[in-house]
Amino acid sequence: MENRLKELNDTQQEAVRHIDGPLLILAGAGSGKTKTITTRLAYLLDVVGVPSSSTLTLTFTNKAAKEMRERALSMISKDGHPPLLCTFHKFGLLFLKFNIHLLNRKSNFVVIDSDDKKRILKRINPDLPTPLVASEISRYKNSLLNPDEALQQAELREYQKIAKVYAEYEAYLVENNLVDFDDLLALTYRLLDENDDLCKLTSDRYRYIMIDEYQDTNELQLRLIKKLCCSHSNICVVGDDDQSIYGWRGANIRNIVEFAKDFNDAKVIKLEYNYRSKAPILSVANALIEHNRTRVGKKLLCTKEGGEAVVMLSGADESEESQKIAFKIKELIDSGVSPSECAILYRINALSRSLEEGLNRANIPYRLVGGLRFYDRAEIKDLIGYLRVAINPHDNYSLKRIINRPKRGIGKMSIEKLELEAIRSAKSIYEYIKSASIGELELLVRKKNSQTLKKFIKQLDELQDASLRSLYSLVDKLDDLFGIRASFEAMPDGADRVQNIDEFYGLFRDFVKQRPEATLDDFLNEALLSSAQDEVEGQSIYIMSIHASKGLEFDHLFVIGLEEGFLPLVGEGSDLEEERRLGYVSFTRAKETLTLSHVQSRYYKGRRTELMKSRFFGEAGLCEASLKVEKVTAFKKGDLVRHKIFGAGRVTGISRAGREFKLNINFGGNRREILASFVERL
DNA sequence: ATGATAACAGTTTTT
DNA sequence: CTGTTATCAT
């Protein structure tokens, strides 16, 4: 352990040795953050002698939790109970399993995902836009507003409607013993807030708390953390204000910037030595982020002198851009660079298409990171639905999902009727079908369907039996009984789905083998809360969004689409400082070389749009800070342009506004001054 | 009950 | 230009 400490620099060691009282570790990109906090955890356990059961370390992703666990455990000598190191949501889940009875709810609740949530919301009110309703409800829960409070707060009629849907949604969840992702934290907070004894007990239990990626926490998480350390103040948080890129989903950069205000006598340690990138990359990243005002303020200090200058690549359009990049990557690979050390990043996923075409043309294998996650795929959710029903046949929600999958001819109408009838007789749907006679069923659904339903229930019973006997062969039984795999095999484009199903079966068997003591419920909860990010090494380069790249590093990095409107991305709710942080996060992924590209025009949403080079080039010191004449050429007097709100108009004048351009536009007699980035040329 | 066409929207994403 | 969902015939 002492040897491990010596591997750290002075500030990192200082962070490890700070034991009691609030500590903020501001860890710049590539500054050895994970190494520092995993060493700190190991130090707490091994040197200070804190019992592992007294520590709690929270992360945002399973991947981070896994990595930290492995690294911390490799450092400590003694074996015993491993420390609790998990995601916020997993912690919430565990906590609720033990304590939700205090809210008069049963501990066998089912966690629903955001798709389930939307389906429920649409059923409650199909006329409102479900994505908006879903995100508003999420906002309410994360601001700890109950439906009544949300209603009071709502001024617009539309929002009053949403608050009412919220109330019905909550009632539905309680009625069906469901819990959504936000509840895992919100209900945990509520329990701690309403039960002082429980709060004290919990805080006493976890005397040393660490939080990873603190810049991504939201209001609710902050309040939860405060509850968790109500009986002590041994709270160590790690993060980087300059890498806060989740503001749009509620993360509040204020939490990290004002940490010292929230926790008295907080110590702040800045890790500023960067061990990742060559000097030119750091100076570009530093120069860019200095333009932000809301930040604690720190600089990345160089430990790797030398290195090639950051390259700016220009192209006429997206196909030239991808062609040029493909060419450069080919050169790198030919010179012996491993493809997996190359990555291309973009601000929005829509830009991946042209890139993929270019890479395919150049025969460069690539791996697209992100996209639809494994457990979000329809076929996998079907399987999960079956397993849930095997655990609890009264789970109406899951039963409804699988009752017609694969297709058995049970349609929406039949399901609705069955549910209604079940409610009328105070039974679950399963119970109702089981107890009803064929004659009764035939009154509701067609003759053929009543037979189908009876058979279906019988099969479910068999499945449940099998689940009680042996978990290992459960998936075989599942497939034998319901022919799920075969149903996808019969579909013309079902090959991928069959592959996914096989993978799921494999994962399930592995899980049972590795954890023979675990229950089916354990498996399902783990599946739902995991993102199944397969870490692959190999002969492919990586392409992904900037968000998806956080925490990763590559020898040779390309960032495309550095144009006004794409990076920075403008639109309602956009925040230039967050865009700048996105630039910063993307640049700091690079170890050896960094190439930034922009194009003069790009196809997007079926339109070709003229684009100006991103202001970030100037801010990063990569070209003249003042805008040159060539940049104006995107617009000239007399151009026809379109604005999102005002529609089509004609440019009558051009003027400067700081680093931006202002256009005088005549929208059919209505003259306005508008920033050039808010219009597009027709 | 299910398949075909029309209308529509269209950052970033984890749990 | 895409992919997704609502609606309409069959």
Side-chain angles (χ1 to χ4, degrees), chain A residues 58-65 86-93 111-119 122 126-127 129-132 134-135 138 141-142 179-186 213 216-218 220-221 244-251 318 345-354 357 369-373 375-376 378 404 407-416 445-446 448-449 452 525-533 544-551 561 565-575 578-579 581-583 585-586 602-609 644:
Chain A
L58 296 178
T59 65
F60 277 87
T61 65
N62 292 295
K63 196 180 159 201
C86 63
T87 64
F88 273 96
H89 294 265
K90 180 76 186 287
F91 175 75
L93 176 73
V111 183
I112 59 166
D113 70 10
S114 38
D115 271 7
D116 297 327
K117 176 178 173 181
K118 282 180 188 146
R119 222 166 294 127
K122 199 155 75 188
D127 300 329
T130 14
L132 176 73
S135 69
S138 184
K141 290 193 179 184
N142 281 292
V179 155
D180 69 17
F181 283 139
D182 297 318
D183 286 336
L184 291 175
L185 302 185
E213 304 282 14
D216 292 337
T217 54
N218 63 23
L220 172 59
Q221 281 151 347
S244 164
I245 55 173
Y246 287 104
W248 50 274
R249 69 173 193 215
E318 65 279 5
L345 309 183
Y346 35 78
R347 172 69 232 265
I348 59 174
N349 288 133
L351 299 198
S352 78
R353 183 165 293 272
S354 57
E357 281 167 14
V369 179
L372 200 56
R373 276 163 311 134
Y375 290 103
D376 283 342
N404 197 30
K407 292 207 168 78
R408 299 187 177 82
I410 315 286
K412 252 213 309 246
M413 288 305 284
S414 304
I415 296 172
E416 211 126 294
V445 299
R446 337 175 159 189
K448 204 176 131 228
N449 279 349
T452 314
N525 280 323
E526 227 129 295
L528 197 80
L529 293 178
S530 90
S531 57
Q533 265 187 16
M544 68 190 92
S545 72
I546 296 174
H547 283 89
S549 77
K550 201 170 131 195
F566 284 96
L567 182 60
L569 186 62
V570 287
E572 73 174 311
S574 68
D575 171 358
E578 184 148 319
E579 296 300 313
R581 291 192 290 269
L582 277 157
V585 166
S586 66
R602 199 179 278 289
Y603 240 139
Y604 183 56
K605 292 193 188 175
R607 270 215 149 65
R608 184 153 288 283
T609 315
K644 264 199 172 151

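In what follows, chains carry the letters A, B, and so on, assigned in the order in which the sequence lines appear, proteins first and then strands, with residues in each chain numbered from 1.
Separation of the Y604(A) and F566(A) ring centroids falls under the 6.0 Å cut-off.
OP1 or OP2 of dT15(B) lies within a sub-4.0 Å distance of a side-chain N or O belonging to N62(A). Contact check, K407(A) against dG3(B): a side-chain N or O comes under 4.0 Å of OP1 or OP2. A sub-4.0 Å separation between OP1 or OP2 of dT2(C) and a side-chain N or O of N349(A) is absent. In this model, the phosphate group of dT15(B) is not approached by any side-chain N or O of Y375(A) to a distance below 4.0 Å at OP1 or OP2. Phosphate contact (OP1/OP2 of dT13(B), side-chain N/O of S545(A), threshold under 4.0 Å): present. Applying the 4.0 Å criterion to OP1 and OP2 of dG3(C), one finds that R353(A) has a side-chain N or O inside that range.
In this structure, the NE2 atom of H89(A) is 7 Å from the C1' atom of dT14(B), given to the nearest Å. Note: CG (D115(A)) to P (dT5(C)) measures 9 Å, nearest angstrom. Rounded to whole Å, the distance from OH on Y604(A) to P on dG10(B) is 10 Å. Separating the NZ atom of K118(A) from the P atom of dT13(B) is a distance of 13 Å, rounded to the nearest angstrom. In this structure, CZ of R581(A) is placed 16 Å from C1' of dT11(B), rounded to the nearest angstrom. Atoms CG (N218(A)) and C1' (dT13(B)) sit 14 Å apart, rounded to a whole Å. Y246(A) has its OH atom 6 Å from the C1' atom of dT13(B), to the nearest Å. Rounded to whole angstrom, the span from the CG atom of L345(A) across to the P atom of dT13(B) amounts to 12 Å.
Along DNA chain B, the nucleotide nearest L569(A) and the nucleotide nearest N449(A) are compared for position; the residue whose nucleotide lies closer to the 5' end is N449(A). Mapped onto DNA chain B by nearest heavy atom, G411(A) and D575(A) fall at different nucleotides, with G411(A) at the one closer to the 5' end.
G606(A) comes within contact range of at least one nucleobase, with a heavy-atom separation under 4.0 Å. Using a 4.0 Å heavy-atom criterion, one finds that E213(A) contacts no nucleic acid atom at all. Residue contacts for F88(A): at a heavy-atom cut-off of 4.0 Å it reaches no nucleic acid atom on any strand shown. Residue D113(A) is classed as having no contact, given no heavy-atom separation below 4.0 Å to the nucleic acid.
Classified by interplanar angle (parallel below 30°, tilted 30° to 60°, perpendicular above 60°), the ring pair Y246(A)/H547(A) is tilted.
Contact of the V445(A) side chain with the T452(A) side chain is not registered, since no non-hydrogen atoms from C-beta on lie closer than 4.5 Å. Between H89(A) and V111(A) there is no side-chain heavy-atom pair separated by less than 4.5 Å.
Closest to the side chain of I348(A), from the set dT11(B), dT14(B), dT2(B), is dT11(B). Nearest to the side-chain atoms of T87(A) among the listed nucleotides dG3(C), dT15(B), dT11(B) stands dT15(B). Checking dT14(B), dT11(B), dA6(C) against every side-chain atom of K122(A), the shortest atom distance belongs to dA6(C). Nearest to the side chain of S114(A), among dT11(B), dT15(B), dT2(C), sits dT15(B). Closest approach to the S414(A) side chain among dG10(B), dA1(B), dT15(B) is made by dA1(B) (side chain taken as heavy atoms from C-beta onward). The M413(A) side chain lies nearest to dA1(B) when the options are dA1(B), dT13(B), dT14(B).
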Requested in this report: Apply side-chain contact (heavy atoms from CB on, under 4.5 Å) to the pair R249(A) and N142(A), showing each step before the final yes or no.
Outcome: CA-CA 10 Å; R249(A) 69 173 193 215; N142(A) 281 292; over 6 Å; no
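The residue from L569(A), L345(A), I245(A) that alone fulfils the side chain to side chain contact (heavy atoms under 4.5 Å, CB included) condition with L582(A) is I245(A).
dT11(B) sits 25 Å from dA6(C) when the C1' atoms are compared, rounded to a whole Å.
Remark: R119(A) CZ to D113(A) CG distance equals 7.5 Å, nearest 0.5 Å.
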